[in-house]
Amino acid sequence: MAKTSLDRKFDQIKKREEEKSFSIKKRSRIVSKFLNNRLAVFGLIIFTIIILASLFAPLLSPYDPMRVDLRSMRQAPSFDHWFGTDSTGRDVFTRVLFGGRVSIFIGLGSAILSAVVGIAVGCYAGYKGGWIDVIALRVSEIFMSFPQIILVLLLVSITGQSLFNLMAIFILTGWGGMYRLARARMLSLREEEYVQALRSFGLSTFTICYKHMLPNALSPIMVNITLSTAMFILTEAGLSFLGLGVPLNIPTWGNILNVAQDILILQNYWWMWGPVGLVISVFVLCVNFIGDGLRDSTDPSQQG
Amino acid sequence: MTTYIAQRLIIFFPMLLVISFLVYSGLELSPGDAVSHMISPELASTITAEQLDAMREAYGLNQSFITRYWIWLTSMVQGDMGYSMAGGVAISEIMVKTVPATLELSMVALFFSTILGCSLGVISALKRGSGTDNSLTVAGMAGVSIPEFFFGLVAILLFAIELKWLPVGGRLMPHYETVWDRIPNIVLPSLVLALMMTAGAMRYARSSMLDVLAREFITTARSKGMPEWRVNILHGFRVALTPVVVLIGFRLPLLIGGSTIIEQVYQWPGIGSMFIRSVRASDYPLVMTISLMYVFVVLTASLIIDVLTALIDPRVRLGKE
């Protein structure tokens with residue numbers, strides 16, 4: 001029997017499939033969409049560079065971020081000191097690198113931990129409903145009745161200043177948003193057929209909500225983690241700038257900027273606060289680009 | 001409608017009560033009590049335990065926690081906010097001085113950010129996908145990424161120190177009495193605050209405008225042969241901006257919270273810089289009163305938003321939560 005044109009087409013496809021020339025497009029739709037977003041890729045590159053630079057800070061800079069050197073104080077940027085030196089002769093570039101470690105750790109760490117708390121509560125409460133959900137909802141409403149910065153300042157005045165306290169405070173103020181997000185996703189997923197099927201199989205509540213439902217709610221959560229990382233880094237910088245964040249002996253981006261409260265330094269020694277302010281802005285902007293790219297590539301309703 | 005408002009009010013007051021109790025007990029847990037803050041370090045070495053106890057009794061600190069909370073709450077409801085520990089000034093007096101300054105700053109910033117945000121958002125929506133739209137979106141993201149105090153510092157350096165156009169900070173200069181004399185002081189802080197707030201308003205105005213432009217009455221207006229600017233302004237703009245303006249109006253609490261650091265940068269004598277000062281000095285009565293005032297403002301605003309959205313959209317009040 002003579003081959004029709006359709007048969008020939010199928011033969012071609014079959015041949016190509018056997019040669020495995022189809023497998024080039026193995027990347028998922030989300031990844032390729034993210035990579036097509038120029039701003040997101042740009043953000044990811046700079047984000048990675050800044051993180052690597054602060055991780056490998058000792059290799060990049062010969063100076064000690066804490067060592068006071070009074071012979072070389074308040075020097076303008078030069079080949080030896082890229083961002084100049086501060087009022088006690090410490091190399092500002094080195095301090096920015098080491099400060100990045102703490103600031104990024106606080107930002108990313110608090111965002112991830114508050115997501116863990118929020119999701120753990122939100123998934124279970126959203127799926128189960130009942131009194132657990134009512135209580136969790138009311139508690140999160142209490143935290144959301146404060147402007148964020150006011151609540152953080154209030155908690156700082158209760159607990160006192162330390163790195164650990166600050167992260168605990170950030171988690172306490174940040175879990176509510178995450179909880180509400182996870183809960184809302186769970187409420188809509190709960191009525192889907194596959195969940196009812198799982199329930200009729202007799203699977204335990206924990207398995208259903210954490211193993212089967214949670215993965216379907218993960219993309220908005222990822223977006224939210226990036227956005228709250230940006231927010232926590234900004235809040236840490238603001239608090240440390242006021243002298244109410246991380247204790248001043250630990251270099252963080254906010255603590256380096258703290259000197260700019262002095263109008264003489266603001267006016268005469270721009271390198272002590274300008275570059276670090278730019279680094280914070282660029283880093284947070286990159287995190288926001290990444291978050292936006294993630295949202296566009298994972299959420300089909302958010303295009304345009 | 002009445003039942004809906006009643007429901008909201010039933011949540012409102014217990015919420016305020018619970019929060020005030022939590023804040024009161026939180027500050028109770030913090031180290032030291034009012035007496036230990038009143039005594040200077042020099043005095044502390046000479047004072048005896050009996051004298052301390054006598055002082056505690058005089059201030060009613062030896063009563064149980066619940067009793068003290070009750071006394072505090074009842075006097076608060078009657079309008080007696082107590083006294084600041086630093087300087088012993090009546091808290092109500094501090095509030096009267098600082099709240100108007102913050103309101104003034106926030107209102108001006110809100111005004112600028114609304115106008116700027118709405119017009120940029122609408123432009124962005126009309127030129128969707130163009131270079132203007134993309135650069136406005138990126139600018140908006142930069143606006144939320146730059147730390148507000150850093151932006152404020154750069155503005156001080158540029159406009160106050162280098163160009164000497166505007167004062168570095170403060171609200172009232174001596175001998176400056178008329179409204180016109182006070183304008184230079186508010187320009188920098190309010191504009192910095194407004195620019196930081198613009199991004200959100202812009203994003204919201206853009207999506208609302210895009211929403212409206214896709215509706216059928218816009219197509220109808222176009223098909224009647226109406227010029228494009230008339231379609232956009234008379235039909236699109238007007239419909240799109242009503243919800244935006246309502247929403248922006250109620251971002252006031254957010255703005256009041258957001259102005260805290262800017263007030264500090266510009267030495268603006270408002271409630272935000274007072275709050276920072278009281279946190280630094282561990283002035284617990286003041287910390288507590290100011291933070292509860294913020295909570296009151298936020299809760300009231302969200303109550304009003306709920307009622308307004310219910311008025312606009314009947315689905316909200318008929319449907320369950």
Is [X] in contact with chain A via its backbone, its side chain, both, or neither, using a 4.5 Å heavy-atom distance?
X: B/T260; result: side chain
X: B/V144; result: both
X: B/L16; result: neither
X: B/M141; result: both
X: B/I290; result: neither
X: B/V18; result: side chain
X: B/L292; result: neither

Measure up the [X] and [Y] rings against each other and bin them: parallel (under 30°), tilted (30 to 60°), perpendicular (over 60°).
X: A/F232; Y: A/F170; result: parallel
X: A/W271; Y: A/Y269; result: perpendicular
X: B/Y24; Y: B/W72; result: tilted

Under 4.5 Å, counting heavy-atom pairs only, tell me which of B/L153, B/N134, B/V23 racks up the most with chain A.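 Highest number of pairs under 4.5 Å: B/L153.
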For chain A, the option from B/I276, B/V287, B/L22, B/V154 that forms the most heavy-atom pairs under 4.5 Å: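 Among the listed options, the one with the most contacts to chain A is B/I276.
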Would one find more than 12 heavy atoms of other residues, nucleotides or ligands at under 6.0 Å from atom CZ of A/F105?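 Open: at most 12 neighbouring heavy atoms sit under 6.0 Å from CZ of A/F105.
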Around A/F42, counting heavy atoms of other residues, nucleotides and ligands shown, do more than 12 lie under 6.0 Å from its CZ?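 Open: at most 12 neighbouring heavy atoms sit under 6.0 Å from CZ of A/F42.
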Evaluate the salt bridge (charged side-chain N to carboxylate O under 4.0 Å, His left out) criterion for residues B/R277 and B/E263: first the C-alpha distance (whole Å), next the side-chain angles of each, then the deciding distance (0.1 Å), finally the verdict. CA-CA 11 Å; B/R277 207 185 306 165; B/E263 280 183 13; over 6 Å; no
Just so I know, are the side chains of [X] and [Y] near enough to count as touching, which here means a heavy-atom distance under 4.5 Å?
X: A/V246; Y: A/Q161; answer: no
X: A/R95; Y: A/N255; answer: no
X: A/N224; Y: A/S228; answer: yes

So for [X], is it side chain, backbone, both, or neither that comes closer than 4.5 Å to the heavy atoms of chain B?
X: A/F289; result: both
X: A/L151; result: neither
X: A/A230; result: neither
X: A/L154; result: both
X: A/L244; result: side chain
X: A/L153; result: both
X: A/M144; result: backbone
X: A/W273; result: both

Looking only at heavy atoms and a cut-off of under 4.5 Å, which of A/L155, A/I149, A/V282, A/L285 has the most pairs with chain B?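 Of the options given, most contacts go to A/L285.
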Chain B interface, residue from A/G243, A/C286, A/G160, A/G274 that has the most non-hydrogen pairs under 4.5 Å: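 Going by pairs under 4.5 Å, I would pick A/G274.
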Test log, rule side chain to side chain donor-acceptor pair (under 3.5 Å), inputs A/E236 and A/S240: CA-CA 6 Å; A/E236 184 276 323; A/S240 300; 2.7 Å; yes
Taking salt bridge (charged side-chain N to carboxylate O under 4.0 Å, His left out) as the criterion, tell me which of B/K127, B/R206, B/R128 meets it with B/D133.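 For B/D133, the salt bridge (charged side-chain N to carboxylate O under 4.0 Å, His left out) check succeeds only for B/R206.
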Could you walk me through whether A/F146 and B/Y294 pass the ring-ring contact (aromatic ring centres under 6.0 Å, His included) check? CA-CA 7 Å; A/F146 291 85; B/Y294 278 116; 9.0 Å; no
